[in-house]
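Below is one structure, written out as structure tokens, with a few remarks after it.
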Amino acid sequence: MTDPGTGESPKPEISRFRENFNYIVGGIIAWGLIGWLLDFLLHQSWIRIVGALLGAVAGYYLAFLHRKERASRRVHGADE
């Protein structure tokens with residue numbers, strides 16, 4: 001089904017929970033791997049845990065910014 005105004009198909013909305021989950025898991029994986037690499041190079045096992053926690057916090061922050069930007073575009077009428 002297409003939008004009569006633009007002729008494009010509407011994009012499905014991702015639930016807030018799933019979006020947060022994707023960002024957080026992605027952050028944990030990315031920063032966890034960086035922490036694991038630094039642990040391997042520096043022989044400091046605590047770096048792995050700090051990397052995973054940093055990834056979780058950074059992932060949640062990115063999800064928050066994404067939601068905030070999307071809400072701002074809706075208010076100003078420039079939704080995707």
Side-chain angles (χ1 to χ4, degrees):
M1 183 175 258
T2 61
D3 183 11
T6 62
E8 296 178 2
S9 297
K11 296 179 182 176
E13 286 288 321
I14 297 176
S15 72
R16 180 180 291 180
F17 172 78
R18 185 170 178 186
E19 184 177 346
N20 286 347
F21 181 78
N22 289 342
Y23 275 110
I24 291 170
V25 169
I28 290 172
I29 290 171
W31 284 100
L33 287 173
I34 291 170
W36 175 79
L37 179 64
L38 289 174
D39 172 32
F40 181 74
L41 294 173
L42 303 174
H43 303 290
Q44 300 291 322
S45 61
W46 59 270
I47 294 176
R48 195 176 343 163
I49 296 168
V50 170
L53 290 175
L54 179 67
V57 171
Y60 183 77
Y61 181 68
L62 285 174
F64 170 76
L65 289 179
H66 191 207
R67 278 194 322 269
K68 186 177 174 183
E69 178 186 346
R70 186 180 299 149
S72 174
R73 279 190 273 155
R74 282 190 186 135
V75 168
H76 297 311
D79 193 20
E80 303 170 9

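Residue numbers start at 1 and run along the sequence shown.
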*Once you round to the nearest 0.5 Å, how far does CG of Leu54 lie from CD1 of Ile47?*
12.0 Å
_Distance in Å, Gln44 CD paired with Ile49 CD1, rounded so as to fall on 0.5 Å steps_ = 12.0 Å
*Is there a path from Trp46 to Ile34 through hydrophobic residues (I, L, V, M, F, W, Y) whose side chains come within less than 4.5 Å of each other?*
yes
_So which atom in Ala63 and which in Asn20 form the shortest heavy-atom distance, rounded to 0.1 Å?_
CB-OD1, 3.1 Å
*List the atom of Ile24, the atom of Tyr60, and the distance in Å for their closest heavy-atom pair.*
CG1-N, 3.8 Å
*Ile29 CD1 to Trp36 CH2 distance, which is reported to the nearest 0.5 Å*: 14.5 Å
*Are Val50 and Leu42 linked, directly or through other ILVMFWY residues, by side chains that come within less than 4.5 angstrom of each other?*
yes
*Are Trp31 and Leu38 grouped together when hydrophobic residues (ILVMFWY) are joined by side-chain heavy atoms under 4.5 angstrom apart?*
yes
*Go through the steps to decide whether Leu37 and Leu33 satisfy the test side-chain contact (heavy atoms from CB on, under 4.5 Å), and finish with yes or no.*
CA-CA 6 Å; Leu37 179 64; Leu33 287 173; over 6 Å; no
